[in-house]
Protein chains: 2
Amino acid sequence: MTGAFDAFSPLCPSRSVVDDVTDRWPALVLIALLEKPHRFAEAARTVGGISDRMLSRTLTTLVADGLVVRTDHGEQHVEYELSASGHHIATALKGVVTAVYDVMPEILQAKAIAASA
Amino acid sequence: MTGAFDAFSPLCPSRSVVDDVTDRWPALVLIALLEKPHRFAEAARTVGGISDRMLSRTLTTLVADGLVVRTDHGEQHVEYELSASGHHIATALKGVVTAVYDVMPEILQAKAIAASA
DNA sequence: CAGGATCCAAGATGATACTG
DNA sequence: CAGTATCATCTTGGATCCTG
């Protein structure tokens with residue numbers, strides 16, 4: 001692979017990070033933060049369909065992983081922004097979403113065929 | 001965003017594909033197939049820790065999405081390989097894994113600090 | 001080898017309500 | 001606003017057994 005890490009091995013520390021990052025909510029939240037720092041409620045609005053609970057939990061783990069930085073500005077004003085590591089990963093994730101957009105026509109066609117079969 | 005699709009909207013068809021693709025098993029399976037086509041048992045070995053059941057399910061949905069092509073060579077010999085769409089997405093996913101490898105040192109450090117706090 | 005069927009534990013998730 | 005606590009539920013994922 002690239003060197004010391006191997007995401008295919010369940011024992012490699014990189015595996016758990018890959019698992020964390022390639023989960024539905026973490027992935028979407030990271031991409032959302034890529035655009036700009038978000039406040040809690042703001043992030044909830046950006047990422048459609050996420051509940052307060054999941055957003056809270058997701059942000060907590062991302063902060064624990066050092067991918068997101070939480071800053072308490074007081075006055076009930078908290079901001080979440082990407083760390084350098086988080087930015088690096090979020091950019092890659094955005095690439096995945098972009099790739100999905102690229103091939104959506106083919107995917108929709110494949111699904112249509114599957115559905116009609 | 002890029003155009004007609006918006007993964008942040010729960011209603012956009014791209015959202016479900018992004019969800020599918022950014023799940024632990026699908027992501028790892030796609031990356032595994034990026035290297036070369038795999039037979040069933042072969043894929044199970046490559047992706048450490050996956051059970052037959054999950055591999056079967058995962059491959060089924062990936063085939064349904066048109067990202068993976070299943071070819072039955074008879075004689076109990078089946079091969080799974082990426083379609084053009086799948087290859088495009090898998091490449092992007094590999095980028096995510098690579099990005100994770102890149103920042104693993106920082107992540108491990110962050111976790112260590114969090115654990116000792 | 002390929003993979004479906006069944007059973008079941010554990011965790012993910014959402015809605016709601018509540019706190020500072 | 002920024003969360004946390006609780007509850008009910010749905011899904012995930014593994015183990016095991018079975019078929020062709």
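In what follows, chains are A, B, ... by sequence order, proteins preceding strands, each numbered from 1.
Side-chain proximity of A:Val78 to D:dG14, C:dC1, D:dG3: nearest is D:dG3. The nucleotide whose nearest atom lies closest to any side-chain atom of A:Phe40 is, among C:dG20, D:dG20, D:dG3, D:dG3. Considering only side-chain atoms of A:Arg24, the nucleotide from C:dG14, D:dG14, D:dG3 that sits closest is C:dG14.
Residue contacts shown for B:Gly49 are limited to sugar-phosphate atoms, with no base heavy atom under 4.0 Å away.
Spacing between atom CD of A:Glu75 and atom P of D:dG3 amounts to 15 Å, rounded to whole angstrom units. Put simply, CG on A:Leu55 is 11 Å from P on C:dG14, counting in whole angstrom units. Going from atom CG of B:Asp23 over to atom C1' of D:dG13 covers 12 Å, rounded to whole Å. With rounding to whole Å, A:Asp19 atom CG is found 15 Å from D:dT12 atom P. The CG-P distance, from B:Asp72 to C:dA2, rounds to 10 Å in whole Å. Residue A:Glu42 contributes atom CD, which lies 8 Å from atom P of D:dA2 at whole-angstrom precision. Between A:Met54 atom CE and C:dT16 atom P there is a gap of 16 Å when expressed in whole angstrom units. At whole-Å resolution of the value, CG in A:Leu59 and P in D:dT4 are 10 Å apart.
A:Thr98 places a side-chain N or O within donor-acceptor distance of the main-chain N or O of A:Lys94, the cut-off being under 3.5 Å.
Contact of the A:Arg70 side chain with the A:Val78 side chain is registered, since non-hydrogen atoms from C-beta on lie closer than 4.5 Å. Between B:Pro26 and B:Thr58, some side-chain heavy-atom pair lies under the 4.5 Å cut-off.
If you run side chain to side chain contact (heavy atoms under 4.5 Å, CB included) between B:Glu81 and each of B:Leu34, B:Thr71, B:Val68, only B:Thr71 comes through.
To the nearest 0.5 angstrom, A:Leu30 atom CG is 9.5 Å from A:Asp65 atom CG.
Taking the six-membered ring where the residue is Trp, B:Phe5 and A:Tyr101 present parallel rings, their angle staying beneath 30° rather than reaching 60°.
Considering only side-chain N and O atoms, B:Tyr80 lies nowhere under 4.0 angstrom from the phosphate OP1 or OP2 of C:dC1. Residue B:Trp25 places no side-chain N or O under 4.0 Å from the OP1 or OP2 atom of D:dT11.
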Got a list of protein N/O to nucleotides 4-7 of chain C N/O distances below 3.5 Å?
residue, atom, partner, partner atom, Å
C:dG4, OP2, B:Ser56, OG, 2.4

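Within a 6.0 Å sphere centred on CD of B:Glu42, other residues, nucleotides and ligands contribute more than 12 heavy atoms.
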